[in-house]
Amino acid sequence: MREPTAKNPLFGLMAEFDDGERLMEAARSARDAGFRRMDAYTPFPIEGLAELVGFRDNRLPWIFLAGGIGGAAIGFFMQAGISLAYPLDVGGRPTVAVPAFMLITFELLVLGAVSAGIFGMLLLNHLPRLHHPVFGAPNFALASSNKFFLVILGNDQKFDPKKTRAFLERLKPVAVGEIARAEEPE
Amino acid sequence: MSLRDGHNGAVGARIGESLRGKSGRTFWRSLDELAGTEDFRRFLEAEFPSIAPDAGSVNRRALLKIMGASLAMAGLAGCGGETDEEALPYVVAPENVIPGNPKWYATSVTFGGYAQPVLGKTHTGRPVKLEGNPDHPAAKGATDAFTQAALIGLYDPDRTKAPLHLGRATTWSTFDAAIREQAEKLDGTKGQGLRLLTGAVSSPTLQRQIGDLLRRWPNARWHAFEPAQETTRRDASRQVFGEPLDWHLRLDKAAVIVALDDDLLGPGPRQVHHGRMWSERRQAFHNGKAACTLLVAEPTPSLTGTMATERLVVPHARIAILLAAFAQALGLQSGVQAPLDEAAKAFAEHALERCRRNPGAALISVGAQHAAELQALALLVNERLGALGNTLGFTDPVIAEPPDGSASLEALVSDMSRGQVGTLLILDCNPAYTAPVDLDFADVIERVPLRLHAGLHHDETAALCHWHLPLQHDLEAWTDARAVDGTVGIIQPLVRPFYDVRSKHVLLENIAGRFDATDRDLVQATWRTAWGQDFDARWRDTLYRGFIPDSVLPEKAPTFNTNPITLPQPPKADGLTVLFRPDPTIWDGRFANNAWLQELPKPIGKIVWGNAVFIAPALAGKLEVENGNEVRVSQDGAAVTGPVWIVPGQEPDTIVLTLGYGRRISGEDIGGGLLHELGYDATPLRRAAGPWALAGAEIAVTGNHQDIASTQYHSAMDGYDFVRTVSAPDEQAAEKKKQPSFYPNRKWDSPSWGMSVDVDLCIGCNACVVACMAENNIPVVGKELVAMGREMHWLRIDRYHEGDPADPAMYFQPVPCMHCEQAPCEMGCPVNATTHSPDGLNQQIYNRCIGTRTCSSFCPYKVRHFNWFDYTADDPPETQAARNPDVTVRQRGVMEKCTYCVQRIREAQISAQKDGRILVDGDVRTACQQACPTQAISFGDVIDPESAVSRRKASPRDYTLLEEVNTRPRTTYLARITESVPGKAKS
Amino acid sequence: MTDLTAHPPRGRRYAEITGEITRVPLDFPQRRNWWILFSFSLLLLLVFIVSAGVLFTFGVGVWGNNIPVNWGIAISNYVFFLGIGHAGTLISAMLLVLNENWRNSLNRFAEAMTLVAVTCAGLYPILHLGRPWLFYWMALYPNTMTIQPQFRSPLTWDFFAVLTYLTVSLLFWYIGILPDLAASRDRARKRRWQVFYGLISLGWRGSAFHWARWRTCYAITAVIAVPLVVSVHSEISLLFAAGPIPGWTSTVFPPYFVLGAAFSGFAVVSMIAVVLRHAFGLYAFVTDRHLDLLAKMLLTTGLMTAYGYCIEVFDALYSGEKQDIATMFDRLTGGVAWSYWSAVICNFVPLQLLWLARVRRNPWLLFLISLSATIGMWFERYMLLVSSLYRDYLVSSWDSYFPSFWEWSLFAGMLGVFLTPFLLFVRFLPMMSAFEIKEAVFEQEQEGEEPRHA
Amino acid sequence: MPQIFTASADTRLRATALVIALAVVGAVLLGGGYMGSSYATLVGWVRHQPVPFSHEHHVGALGIDCRYCHTTVETSASAGFPPTHVCMTCHSQVWTGAPMLALVRQSLADNTPLRWNRVARLPDYVFFNHSIHVARGVPCVTCHGRVDKMPLMTRAHPFQMQWCLDCHRNPAPHLRPPDEITRMDWSAWDKDAAHKNYGALMVKAYGIQPSKLDACTVCHR
């Protein structure tokens, strides 16, 4: 999902809730109202919320798989290749001792999968991102503690500062506020 | 301090080749000219700064390193990487010295007066290894441990480097002045009061000089004292034949040998000769060509007893009774009547029955430490058995007989005590320490106005003398000596002295007031008279061979005077009997400062760096003591205190003490004060009458504990089959079947190396162990580390006993690296530091090793050794100079082990390729194989079915150590042959 | 204080949970005691540095090792620490996969403990090398010798296993702590703390998109981590089992080692849990119920380990190999039997108390039992290593082994290496997973209501 | 609530990360590069010598055979350094007074060896044998380079295991007729089509088995 850039007048409108279910309902009705570009901020993962705000991405498991396969391949062929490059007789064992090589192959499989997956996750999430418009929003500090936020982004087709605000207020949030647009790095 | 230093040895190549490759002429000439030329001396000084008395300022290690570099000798700096180095070429290259290529010289070293023939290998003037001389009739290429270790004796940093007068360093010129006027005085009195005390003398030149001296000064007198000598046999032959004769036991001709407390194969000057003869007989027996039985009756286990077909444990005193029984059975009277117990009777019967079955091929010998009467009776018994001329021969004494015969030292002592001795020159012997206590040598010598001591070390006797005059080591001297069989060996220097020392021949001349002659002149003089005109040719030939061919003393067929022998009545066996033995590795103490021998495990007990009070398990049980508990052995007042070591197979009422330890040497002298910390001194219990046995002794536990360092704490075989036994040479020791394996079956192409060790021939003499140390730069680690289990010997000789500890079966088993084809160690190493070579070697690459020690953990044979500390960096330059340049000196933190002397293999291959030969069997001989007196070790190409090793491995006695581990070792063993002895239970 | 996790009172504010947990690093309650403990661990660290210095200067010879016992405490401790290091990932990953919510109060510090333990373990093999400055030869790198590591060697396997395990545990722990770092950032008042947490939380802002990916990632990693844990200690066991030495070369070693590892790991986790909850009054999160569950885990793994002991004996007897049987009997009666029986007693005797619910819920009894189990497992590692080496095949090469002062001092120092980073973690990072606890609360609340339809 | 970080913080963070990454990569490349560089291999580095001896002059210009000075190259593991005496065989006739040779004359006069600084040397744990290489026809130039073009002696090749192994694993291209072993310029010989298979043939003739030539104990003992 593409977030509003500095060109958009507003980053978006933010509605604050103090309960997870409320947020879910709000997200659902926003979705029904035809909003497509929105985001929600919660202190902990909430089942199904992401899909409501338009999360469609399932690349991550594949990244894990790729990492795993890559790691395993590197692991095995590294061992085989090196043993063949300077074939030394080690205790009469075969030069390419497949059973013996499996252990390191497995280790590198795990290493490849996990590091690929985790760094992939951070990348897809555009992290690290120290500065973000929402950080400027009032009460957002509580987003990690006990507040739940729904944001309708400024680059949504249906976005209109007044109408959208009205819409949000209809969802009985604790408060609704504007999020200033992202500032240019000076 | 020399004893703690790692002493490192040197490599040898194929001897026959290297000798025959060159003409005798270039041989000695090159060295001669080298030795003579002044620039060679300087060159040496550049190499051995230690030769210059004022060399303290020079950085010895640096210089030595430079030398190493300039002469392209790798290995001095261990595993260090590339460092900037200088190269110092010669100024004028000495003839025939090729840097990087060794030169070989045939010579000898002396031991107990006898010549031990060797080929000395030198690298650019540094002797680096001694090997047996294959052409010598007595040794036939073998050596013993003492001979192998003589090399490091040469480089001993504790040798006296310059004359001492009243304990202060002085110069030879002052000595010359003093002795000159002394000589004039003596001329006046025809040598009144001059006494010469030597060790055993076989040197024709020395005998000639002594003769001259006594002719010139009739009132002078010569005495000789050698702590362990066969004087009793000489006295016996004087008694029986009317003339002193040497006995020569022909073990190769004996189908039956009955050794009554006689360690024929044990340590001593005769070990190599005897071992070689016995093994020839034994190998004939293996091939079904001859009988070879060895029956031994002894109070304490000896090497001979270990190899015995049948062994009887009998107290010292009853040897006489046993012999008397033999005599009686052969119709000889001995005046001794005493009943034999069951075992003894059985033994005597077997023995006699066997002797009778082999007329003319039987031999009975009684240990030389037993009284002359027993020896005499033994002569008669042998005569009855038809041994004389067959298995027992006689010649005139090889060791010159001093005027007072066996009582020579006693005579000197009594004269000294009566103040009849004015000048005493002690030549290369140490009576102040080795003489029996009741002679009070140390006290009476004080009554001699002028006392001179000449020797290699400032020892107990030197400390009592006004003058201490440093002697040359045999390897840097011109002299001569006879081997045990009488063959004369000319001893030529491998290197000229690098300390300020003199030859004993020159010294004897000096005593007579002559100062011009060199040692070489003196030796040549002897032979010039002997050989007349063809001197030059024969001299050259002799130097080339190292000995004078056919110079054995003529065989004698003496006639018996038939007066009957009456044995002394054996003492009532009350209390315990103490037996004294020379130490098996440092002898009477003369090798005390030889670190290789100090760290060499005693064949029985495997203890190092000290001696112990050896007692039987039964006695230990009675005293409730364990190894290391301190006991006090005493007899009327005199006492010896030492730690106990329990010896299975020893007679319960027998205590064995060994000589050579508990030295009374101060810190400034040899050993830097370490020597007197080691072991106890047995002398207080030794009496001039019967110096080898003491009856009626008591033993008491002190309650203290002393640490004994041993390399093997458990010797009970516990029902395992490490040493396998068969009852006949052609009996199968292990069923031959291909063992299954997960791993690919590899094809080996020739050459592919392997070893076969015959435990039926190994007499546990340790020669191989020292040879290995010398060859492979194996460091010495000292008593503490050995006690921790950190000894470095690549080749160890395991000793096992089996069955009843009171009278067990005993075995020796040399254990080098097995070079397993499916080696666990190789699989364990994470960095490829140990892998398998295409020719079947288990390679250990020191510079790749990072010291995980996994290889050693996985090694079922535990033949790998680890450099826990840096053992080599702080060696004094002398010991560094003794190192083998062809073997890497290992750094701290790396694993090392037997390599099958890979440096010899590669050297052989390279020279074979250079002269376009193919490698033939015998081209490569490992150091251990080369040294072995009994040919127990065979090495070669296991693919070639005709090679000696393949033929051995084809024997039905061939078996694999720890076959069940399935590591496919290349080192295999031939089983011990034990004839089932009636009435003796084998476990 | 009541249990926040099991039966949260309805409407309980998540804020309190976050507050309770982030309070600890932000305004640290135990400053004095922490400093005392920390300076003590710094002292141990100094001991470590000195011992290592002596070791590197003079060589491994300063230890008591010899031939045949050329491995000693160093390697047995390597196994010991690695064993401890297994609990964290095991608890965290396995219980996550099993969806056991009670893990949430434990996994964070358990994983932290894992990290430091594995670091200690990883140091030992390097320290014990004869030429430690060449340790990098165990790794793969282009060099002018054209020689590389030997991949059939258990040591090389270990090298890769430990490296992988350390990396994976670290990443797993880090993404786990990320949201709570963000929480700390948001609650921090002082600028420097805001920056500190701001940086290490990578700007996490709890977007639904982030959570979605985060969940997938965390779950998959957990699933992979479980077999990893098993594989790692199996490979450690091969360091012994792959060799031909009697008492080592046995197929039960891998499972035997893994179970032992889990056992010792749970023991250490229980100890830490008891101490932390007492020190910071976290009774609300580490409740008696948690102790009870931990104790049950301890009991289970302990009994499995005991089974391993029995199988070991049986294995030796069943093999019929003279040498194996001899080694087995020597373990029970021989020179190092003391270590065998200490292991048996410390491991299994106090453990039986855990059959009683009262004992399981008594923190300090649990602490003592865990302590004894930890010590017992140390003895076991020592016994397994030494008893096989000091008497192997050839009677002639038998010898004995006495650890030297420098081995013990290095061990003491290693505890410093263990404590110091762990104390820093306790001081500066949220030691429990606040957001997962909140998630659990939320889910339980949801279950309380009838499902809605869109 | 106010932002903790300014908008540019991310840029800076990424920049830092990038720099660190580059630094790591750079360090690796640098390390690898160093081992290959002449700093590590000492290739082409002139070392100070007591007497500025010019191989270019003696070998190139005067055409003195290598073995005239390095006498033991065919018989011994080490090629050997010429004794001062050898230098003086000529220089007692020519350049007798040259100040450049003062040290040489002095060396002979007071019998002290010249101290050359070694250019071509191997670590102590490498056992290289000149004689067998020469006997098999590996010419001097293969390892020592065109000494006839070296006014002052420098190392021509990196004496690293890799480099030794290259030849041990494939000796054929390096073999030449042993009787011309000291020849410096082989380009003409190589051009000759008749010599195309020389190496391969000699490998057969000598029975050289490259598969066995890279066994560890061939060089390390």
Side-chain angles (χ1 to χ4, degrees), chain A residues 1 20-21 25 28 39-47 49-53 55 57 60-61 64 68 78-79 82-83 85-86 88 90-91 93 97 100-101 103-104 106-108 110-111 113-115 117-118 120-122 124-125 127-132 134-135 140-146, chain C residues 13-15 18-19 140 146-152 156-157 160-161 163-164 167-168 171-172 174-175 179 182-183 185-187 198-199 202-217 220-221 224-225 227-228 231-232 235 238 435-436 438-439 442-443 445-446 449 452 454:
Chain A
M1 172 212 61
E21 284 93 347
E25 293 164 21
R28 196 170 286 102
D39 197 347
Y41 298 91
T42 57
F44 49 81
I46 294 180
E47 198 65 55
L49 178 59
E51 287 68 19
L52 288 179
V53 293
F55 175 77
D57 179 5
L60 199 50
F64 269 94
M78 164 190 80
Q79 299 180 73
I82 284 173
S83 307
Y86 197 160
L88 292 156
V90 170
R93 274 63 170 173
F101 289 179
L103 296 105
I104 290 177
F106 174 77
E107 296 304 330
L108 290 196
V110 172
L111 189 60
V114 170
S115 32
I118 286 178
M121 182 269 284
L122 292 177
L124 294 178
N125 283 345
L127 293 177
R129 176 86 187 267
L130 299 180
H131 174 93
H132 191 278
V134 293
F135 285 132
F140 189 76
L142 298 175
S144 61
S145 153
N146 62 338
Chain C
R13 284 284 154 268
Y14 309 117
T18 316
L140 190 74
T146 72
I147 294 281
Q148 296 291 359
Q150 200 276 97
F151 296 108
R152 301 162 198 79
T156 318
W157 303 340
F160 280 88
L163 219 60
T164 307
T167 325
V168 170
L171 290 171
F172 189 52
Y174 183 61
I175 58 166
R185 172 198 62 200
D186 297 343
R187 294 182 68 92
L199 280 172
L202 304 180
W204 179 269
R205 53 187 190 277
S207 146
F209 291 80
H210 291 183
W211 280 124
R213 294 198 183 92
W214 181 90
R215 267 197 150 180
T216 331
C217 181
I220 299 181
T221 310
I224 303 179
L228 173 66
S231 82
V232 169
E235 287 178 30
L238 291 179
F435 73 96
E436 282 171 294
K438 287 187 280 184
E439 182 184 9
F442 175 75
E443 277 161 6
E445 284 179 354
Q446 275 185 315
E449 305 172 8
R452 278 201 212 75

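Residue numbers begin at 1 in each chain, while the letters A, B, ... track the order of the sequences.
- The part of A/F106 that comes within reach of chain C is its side chain, from C-beta onward, which places non-hydrogen atoms under 4.5 angstrom from that chain.
- In this structure, the side chains of C/F435 and A/P45 come closer than 4.5 Å at one or more pairs of heavy atoms.
- Heavy atoms of A/L142 lying under 4.5 Å from chain C are absent altogether.
- Of the atoms belonging to C/Q150, it is side-chain heavy atoms, and not backbone ones, that fall under 4.5 Å from chain A.
- Taking the side chain as every heavy atom from C-beta outward, A/F101 and C/R152 approach each other to under 4.5 Å.
- Only the side chain of A/L60 comes within contact range of chain C, with heavy atoms under 4.5 Å apart.
- The contact between A/S83 and chain C is made entirely by side chain atoms (from C-beta outward), counting heavy-atom distances below 4.5 Å.
- The aromatic rings of C/F442 and A/F44 lie tilted to each other, with the angle between the two planes from 30° to 60°.
- Contact annotation for A/I118: both backbone and side-chain heavy atoms come within less than 4.5 Å of a heavy atom of chain C.
- For chain C, the nearby parts of A/E47 are the backbone and the side chain; heavy atoms of each come within less than 4.5 Å.
- Counting heavy atoms from C-beta outward, C/Q148 and A/M78 have side chains that stay 4.5 Å or more apart.
- Between C/F160 and A/L108, the closest side-chain pair of non-hydrogen atoms falls below 4.5 Å.
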